[in-house]
Amino acid sequence: MAPRLQPVRGTRDLVGEELRRHRHVVETGRHLALRYGFEEIATPIFEFTEVFARTLGEASDVVTKEMYTFADRGGDSLTLRPEGTAAVVRAAISGGLLRAPPLKLFYQGPMFRYERPQKGRLRQFHQIGVEILGAGEPAADVEAIVLGRHLLEELGVAARTRLHLNTLGDPESRARYREALVAHLEAHRHRLSADSLRRLERNPLRVLDSKDPGDREVVATAPVLVDFLSAGSRAFYAEVRARLADLGVPFVEDPHLVRGLDYYTHTTFEFLTEELGAQGAVVAGGRYDGLVRQMGGPDLPGVGWAAGVERLAMLLSTSPPPPRPTALVPIGEAAEREAWRLALALRRAGFVVDLAYRGGPRPRMKRADRLGCRFALFLGEEELAAGTVKLRDLDSGAETALPRARLSAELERLGAARIRS
RNA sequence: GCGGGCGUAGCUCAGCAGGUCAGAGCACCAGGUUGUGGUCCUGGGGGUCAUGGGUUCGAAUCCCAUCGCUCGCCCCA
């Protein structure tokens, strides 16, 4: 019985152009993060289930119905990571990395959520993200946001996104607001949608960004969080906004931008696009001052974001082109073996070289064309006898005979594709 | 988990008031052109028409189910 050959629902094979776009997003993110002084961390792809269950909230949708959880052969309950923050914080605590805060970490990799796939939403998807641990200053929020914006600029998609900004205040502010909001929603519960009644139980703040028209009416008259902010929280938020303005980062304040998870505090933000349908958030994050302690670490604040690699890849208007190889074309038996020696030498020098296993000059040239080669090198009786190689520029058609000793230097001068390890 | 749309060659699709309906373009292979590509010409390989069942003399075409894709709700990056 042959196995089913389709990839598992919500997963994708990446190859060619699509893979290049993903790589481009990830590499751009990595390079920028390093430039901002972040250190890369790679954590395991699965953790003990409790790492996510406790931190994301036992009642959250992610935990209750979206995690890939399984028992390993030793009986431990493990979960494929549904997001990066909990895993990174766990690693920072257990690795003792928090003794010299602030700690700035970058990560990238696949995440897993059992959801109904749709545009920009897969069951195995990829994120890049940053976390700043141990910095309670507004400057940290701002640096994270600026890095997010910088990433979008570098990818050429910033103009098609908009930064939404909000604050949840400190835990006390937030708790008082939540109480007032729940009271209001309870008073109007007969007008709420079924979805929002459910939210009311689990995640009242989420009602604020409901799309249901009836819910919106109830929300319109609801108390607003700004009125419940402590003086300290207001000052913090004002500082974040002032610094963003100072650095020329455009944003819109969005009082309905909320996070469901309890450990979120103060700044919350999302870079949204209109171009990806329902899954419009390409970079999203916020401050989570309660998380590290909640996970059993020191009482350190944190702020960070995650970006959806697939979503950003879809947004790219151009993708990096593949390298244009140099084709080696031996002509005749005698040149065949010599061509392989030459190919090895050129590859050792870093050049991208294609050498077909068989065929006459014509089929080989057709192949070179198909591969998008920039140069072709002919090696036949004549060249063998003269110790030369004939170099053809496939864009212009110009040919020159070169002594073999000068080949590498000439290819370099002409800018032939190289990949350095 | 709930709704809508869609599944025909590797790719993009045509064919669908049931009766040469298994096709086109691109891609691929070979030859024209065994010391030279992009154009052109000729020929060729490829499809259980997603899968299973039903209606019918006859189904890619109609019906049902399943699987998958896709868009929205939900959730979220």
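Counting to the nearest Å, the P atom of B:rU36 and the CD atom of A:Glu383 are 12 Å from each other. Here B:rC75 presents its P atom at 14 Å from CG of A:Leu257, a figure rounded to the nearest Å. Between the P atom of B:rC75 and the CD atom of A:Glu201 lies a distance of 14 Å, rounded to the nearest Å. One atom, CZ of A:Arg367, and another, C1' of B:rA30, lie 17 Å apart when rounded to the nearest Å. To the nearest angstrom, C1' of B:rG37 lies 7 Å from NZ of A:Lys366. Following rounding to the nearest Å, A:Asp354 (CG) and B:rG37 (P) show an atom-to-atom distance of 17 Å. When rounded to the nearest whole Å, the span between CZ of A:Phe269 and C1' of B:rA77 equals 12 Å.
A donor N or O paired with an acceptor N or O is found under 3.5 Å between the base of B:rG37 and the side-chain atoms of A:Arg392. Counting distance only, with no hydrogens placed and no angle test, the side-chain atoms of A:Lys119 and the base atoms of B:rU70 include no donor-acceptor pair under 3.5 Å. At a cut-off of 3.5 angstrom, the base of B:rC75 holds at least one donor-acceptor pair with the side chain of A:Arg121. Below the 3.5 angstrom threshold, one finds a donor paired with an acceptor across the side chain of A:Arg362 and the base of B:rU33.
Side-chain atoms of A:Arg370 lie closest to B:rC29 of the nucleotides B:rC2, B:rC29, B:rC76. Of the candidates B:rU36, B:rU70, B:rC75, the closest approach to any side-chain atom of A:Arg198 belongs to B:rC75.
With A:Phe228 as the aromatic partner, A:Arg176 does not meet the cation-pi criteria of under 6.0 angstrom to the ring centre and within 45 degrees of the ring axis.
Side-chain contact, A:Ser193 with A:Asp212: no donor N or O sits under 3.5 Å from an acceptor N or O. Side-chain contact check for A:Gln294 and A:Thr55: no donor-acceptor pair (N or O, by modelled atom type) lies under 3.5 Å.
Look at the P atom in both B:rC41 and B:rA60: the space between them is 34 Å, to the nearest Å. Rounded to whole Å, the C1' atom of B:rG54 lies 28 Å from the corresponding atom of B:rA14.
A stacking contact between A:Phe378 and B:rG35 is absent: the pair does not combine a ring-centre distance of less than 5.5 Å to the base's six-membered ring with planes differing by less than 30°.
The aromatic rings of A:Trp340 and A:Tyr357 sit parallel, their planes meeting at an angle under 30°, below the 60° perpendicular limit.
Using a distance-only test at 3.5 Å, with no hydrogens or angles considered, a donor-acceptor pair links the side chain of A:Thr11 to the main chain of A:Val8.
Within 4.0 Å (heavy atoms only), A:Arg12 reaches sugar-phosphate atoms of the nucleic acid but no base atom. Across all strands shown, A:Arg199 has heavy atoms under 4.0 Å from sugar-phosphate atoms exclusively, and none from any base. The residue A:Gly120 sits close to a base: some heavy atom pair falls under 4.0 Å.
Comparing A:Lys211 and A:Pro7 by the nucleotide of RNA chain B that holds the closest heavy atom to each, the one mapping nearer the 5' end is A:Pro7. Looking at which nucleotide of RNA chain B each of A:Pro117 and A:Gly380 is closest to, the 5′-most match is held by A:Gly380.
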